[in-house]
Amino acid sequence: MKAELLILGVLHGGDLHPYEIKRRLTAAHVDHYIDVDVGTLYYAVRSLARDGLIEAKGVEAVARGGERTTYGLTTAGRARFHALMAERLADLTPRYHPLYPALMFLHHTDPATVAAALRQRLEAQRGYYAPLKALADYMAPIHSTGMRAILENGLAHLETENTWLAKLVETLETGDIRPPDYDAARRMGLFPTGQVTLPPEYQQLPPPPAAKATRPRRSRRASKPAPPPSP
């Protein structure tokens, strides 16, 4: 569950109802830098409660006669939070750039067309930097060490990405597009068999981590889903 670590982390600050958890995550703009749908939060809270990781601590009355339940961490929930933290910090799963598949075949495309598309992408990415830097500077007095690190990482990646992309656009615009050198590949033994002795430094590169097994879902009786708590 993508929201699991987020919910357990927020609840470390105290017991909260789902609407307040959602409000805090939304205020932190988590959907800008974490692949999570804050809109699924109510379902995630019910799942964590069903699994015994959080529990109801009380019920608050709200306007128009409604109620909302406040949740807090259980002992199992705290243990699960620390396990998720360790898992996330040790995660070395490769993050593949979305442009890589297309870049493999640049020599088959029209350089001017590709350069125009990438320049448009570059201008859009450059437009992100100044607002993000302004936000980082403005929020610096209140941000935690972790949030400051997130913004610094985002800015560093964006700056490097923009520099790299600008160089690629310049290469395309000058027409310096080279196809693979199959003759050289044959002499190296790389093509067509792929049997080639690679540099020893590369051979020392550890293999990508194996795909993580997902936890099996619990079977549930068919029933009408409960409505989300009132905000």
Side-chain angles (χ1 to χ4, degrees), residues 1-6 9 22 24-41 44 87-140 142-182 184-185 190-191 194 198-199 201-202 205-212 214:
M1 184 195 308
K2 293 180 179 179
E4 186 176 9
L5 178 58
L6 298 178
K22 179 180 179 181
R24 294 191 182 194
L25 292 174
T26 301
H29 303 289
V30 295
D31 54 333
H32 288 192
Y33 49 87
I34 297 176
D35 182 18
V36 64
D37 182 4
V38 179
T40 64
L41 184 71
E87 177 183 308
R88 181 62 60 181
L89 294 172
D91 184 7
L92 293 175
T93 304
R95 304 301 194 258
Y96 300 106
H97 197 291
L99 289 182
Y100 287 170
L103 295 182
M104 290 179 61
F105 305 104
L106 280 181
H107 55 285
H108 292 311
T109 62
D110 174 47
T113 301
V114 177
L118 291 181
R119 182 168 289 284
Q120 184 176 5
R121 181 187 181 99
L122 175 60
E123 292 307 314
Q125 289 184 178
R126 282 174 171 167
Y128 298 152
Y129 187 87
L132 186 60
K133 181 67 166 62
L135 176 65
D137 293 342
Y138 180 76
M139 301 296 284
I142 65 171
H143 268 162
S144 65
T145 300
M147 284 302 301
R148 184 175 70 247
I150 288 173
L151 286 170
E152 289 175 348
N153 181 267
L155 287 167
H157 274 276
L158 194 54
E159 191 170 16
T160 300
E161 176 87 1
N162 289 345
T163 300
W164 166 75
L165 197 53
K167 182 178 179 180
L168 177 58
V169 169
E170 181 180 353
T171 299
L172 290 165
E173 290 178 338
T174 59
D176 183 18
I177 312 299
R178 293 181 298 173
D181 188 337
Y182 291 113
L190 181 62
F191 181 82
L198 297 173
E201 294 82 3
Y202 185 84
L205 187 70
K212 293 180 293 185
T214 57

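Because the structure is predicted, anything quoted here is derived from the model rather than measured. As a basis for the values below, the full set of heavy atoms in this structure was taken, side chains included, without hydrogen atoms, waters or symmetry mates. Just so you know, residue 1 is the first one in the sequence shown, and it goes up from there.
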Any idea which heavy atoms bring [X] and [Y] closest together, and the distance?
| X | Y | result |
| --- | --- | --- |
| H97 | L99 | ND1-N, 3.0 Å |
| V114 | L172 | CG1-CD1, 3.7 Å |
| D31 | V36 | CB-O, 4.1 Å |
| T174 | T171 | OG1-O, 2.8 Å |
| G154 | L132 | C-CD2, 4.2 Å |
| M147 | A28 | CE-O, 4.4 Å |

Problem set entry | Test: E123 and R126 ion pair at under 4.0 Å | yes

Seminar exercise, completed: Taken to the nearest 0.5 Å, the spacing of R178 CZ from D176 CG works out to 6.0 Å

Exercise. Roughly how far, to the nearest 0.5 Å, is CG of L135 from NE2 of H29?
Worked result: 6.5 Å

For this session: Check step by step if side-chain contact (heavy atoms from CB on, under 4.5 Å) holds for K167 and T163.
Result: CA-CA 6 Å; K167 182 178 179 180; T163 300; 6.0 Å; no

For this session: State, yes or no, whether a side-chain contact exists between E161 and L122 at a heavy-atom distance under 4.5 Å.
Result: no

For this session: Sort out for me which residue in L6, I150, L25 forms a side-chain contact (heavy atoms from CB on, under 4.5 Å) with I34.
Result: L6

Anything under 3.5 Å between a donor and an acceptor, one on a side chain of residues 100-111, the other on a protein residue two or more places apart or in another chain? List them.
from: T109; atom 1: OG1; to: L106; atom 2: O; distance (Å): 2.8
from: D110; atom 1: OD2; to: T113; atom 2: N; distance (Å): 3.1
from: D110; atom 1: OD2; to: T113; atom 2: OG1; distance (Å): 2.6

Exercise. Where the side chain of R95 meets the backbone of T93, is there a donor-acceptor pair that is under 3.5 Å apart?
Worked result: yes

Exercise. Is it true that H157 and W164 have ring centroids separated by less than 6.0 Å?
Worked result: no

Exercise. Who passes ring-ring contact (aromatic ring centres under 6.0 Å, His included) against H143, sequence neighbours left out?
Worked result: none

Exercise. Is it the case that more than 12 heavy atoms not belonging to Y129 sit under 6.0 Å from its OH atom?
Worked result: yes

